[in-house]
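Counting convention: from 1, in listed order, for ligands and their atoms alike. One is the number of the first residue; the rest follow in order along the sequence. None of these values were measured; they are calculated from a predicted model. Side chains included, hydrogens not; waters and symmetry mates left out as well; all remaining heavy atoms used.
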Amino acid sequence: MTSYDIGVIPGDGIGPAVLKEGLKVLEAVAAVEGFAYQLIEYPYSGEHYLKTKDLVPDRVIDEWRTLDAVLLGAIGHPDVEPGLVERSVILGLRFGLDLYINLRPIKLYAEHLCPLKGKTPADIDFVVVRENTEGLYSQIGGHLKKGTPDEVALVNGVYTWKGCERASRYAFELARQRAGQRGTGGRAKVTLVDKANALRPHDIWTRAYAQVARDFPEVETDHAYVDACCMWMIKNPEWFDVIVTTNMFGDIITDLGAMLQGGMGIAASGNIHPGKTSMFEPIHGSAPKYTGKNVACPLGAISAVGMMLDFLGDVQAAARVEQAVADLLRSGAVPSADARSGVSTSAMGDMVVERLRRR
Ligand code: IPM
Ligand code: MG
C-alpha cells in the first residue's frame, strides 16, 4: 500500500480547527481509496513563538525536504510583530523548499456562493499560477535612517529569467492539461498578468512568456495589466483559463478570485515544486477573532488536502474530495463559505466526509 509522510503545521487562530477537518477528510478518503499515511506535527506558530521564542530552525527545513508534503493551517498572531512568524514558516517553506509555483484554483461550485450578478459555475473556472519565490517578496531591501525625518525604505522587486521561465512553462503545461481534461474543443489559454507599462523591467516576463509560448502552439496567448485584470475578473471572469503572474500580483488577485468562488473560507492553494516536497494550505489567514468558536469554514483546508492528493499522484482520491465539497455546496446545505454560514467547522467536515463515503 502506498504510504505518505505528511508534515502538519496547524499554526494559529482558526488554523488548527480547519486543519483538523482537513485531516478528518484525509482519513476518510484514505480508508475509501486504500492508501496509508503518517502525520508528523510541527508546533511553529505565533502562539509557539510567544511561549518559546522559537522560529523554524534550518534543520527542520532540511527535515521537511524529506517528507512527501506539508499541510499548513494558518499563521499569524495579533501579539507578535506583523509578518515575523509568517516569514519564518510560510516564506521559510516557499523559499527553503524552492516552491516556485503557488497554484490557486478559482472555481465556483454553486451559483448562490458568487457575489456577481448573473454568473454561474460555467463562468468561473480558472487557475492562477503565482510565481512564489521572488518578485517583491525577495526580502532584498530595508531601511536607512529609520525613525528619522530622512528615513528611506526600499522594497526591491527581483525577477529572474529562470523564475519567469519556469512559472510560464508550468502555466502553459497546466493549460494544455486542463484542455485535455475538458476534451476536444476545450479552450486553452494562458494570460500573462504584469505591469510592464509602468514597470518597464517587467518586460522580462513578456519575453520569457513569449519564448515558452512557442513550445505550446495550440495554447492561446493573452495579456492583461494587473489593474485591467482585476476589472476583467469581475466583468468577464469566463475569459480566463490559466493566469500566470508575479508573486505580489498573484497574492492580490487571488483574494479577489476567492470572493468570486464564495469567499476566503473556500479557497485553497498549493505551494509547489514539481517532483519535490510541496506545501498545501487554505489561502485565508488565522482570523484570530474566530479562534475556538467553531465557526470558521474548513472547505479551504479540505480542498487543500484534495490538491495535495492530486500533487501526490492520487488523482482519484483528489477527485473524490473535490466532488464531495462540490456536492455539499450544490446541495444548498451550506448557505455561505464563511463564518456566518450557520454550519459549524466540525459539522461541515462531517458533511464532507458523509458525502465522500456516499459516492
Ligand atoms: C498568502 C498570504 C501570505 C502571502 C502572507 C501570510 C505572507 O497572504 O499566502 O496569500 O503574502 O503570500
Ligand atoms: Mg495572500
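A heavy-atom distance below 4.5 Å is found between the side chains of V127 and L174. Contact of the I253 side chain with the V226 side chain is registered, since non-hydrogen atoms from C-beta on lie closer than 4.5 Å.
The aromatic ring centroids of H202 and F249 lie less than 6.0 Å from each other. Ring centers of Y42 and W64: under 6.0 Å apart, within the cut-off.
One side chain, S346 or N294, offers a donor N or O that lies under 3.5 Å from an acceptor on the other. Under 3.5 Å, the side chains of D251 and Y137 contain a donor-acceptor pair of N or O atoms. Using modelled atom types, one finds no donor on one side chain facing an acceptor on the other under 3.5 Å when comparing Y209 with E165.
At least one heavy atom of D251 sits less than 4.0 Å from an atom of ligand 1.
When distances from atom 4 (C) of ligand 1 to the protein are checked, a heavy atom turns up under 4.0 Å.
Under 4.0 angstrom from ligand 1, the non-hydrogen atoms of R104 all belong to its side chain. The proximity of R130 to ligand 1, defined as any non-hydrogen pair under 4.0 Å, is limited to the side chain.
Of the options R94, M248, R87, the smallest heavy-atom separation from atom 9 (O) of ligand 1 is shown by R94.
Among protein heavy atoms, the minimum distance from atom 7 (C) of ligand 1 is reached at E86 CB, 4.3 Å. Nearest protein neighbour of atom 11 (O) of ligand 1, counting heavy atoms only, is Y137 OH, 2.6 Å.
Between the side chain of E131 and the backbone N or O of E134 there is at least one donor-acceptor pair closer than 3.5 Å.
Protein N/O/S atoms closer than 2.8 Å to the Mg ion (ligand 2): D251 OD1.
For the pair K53 and Y49, the distance from NZ or CZ to the six-membered ring centre is under 6.0 Å and the angle to the ring normal is within 45 degrees.
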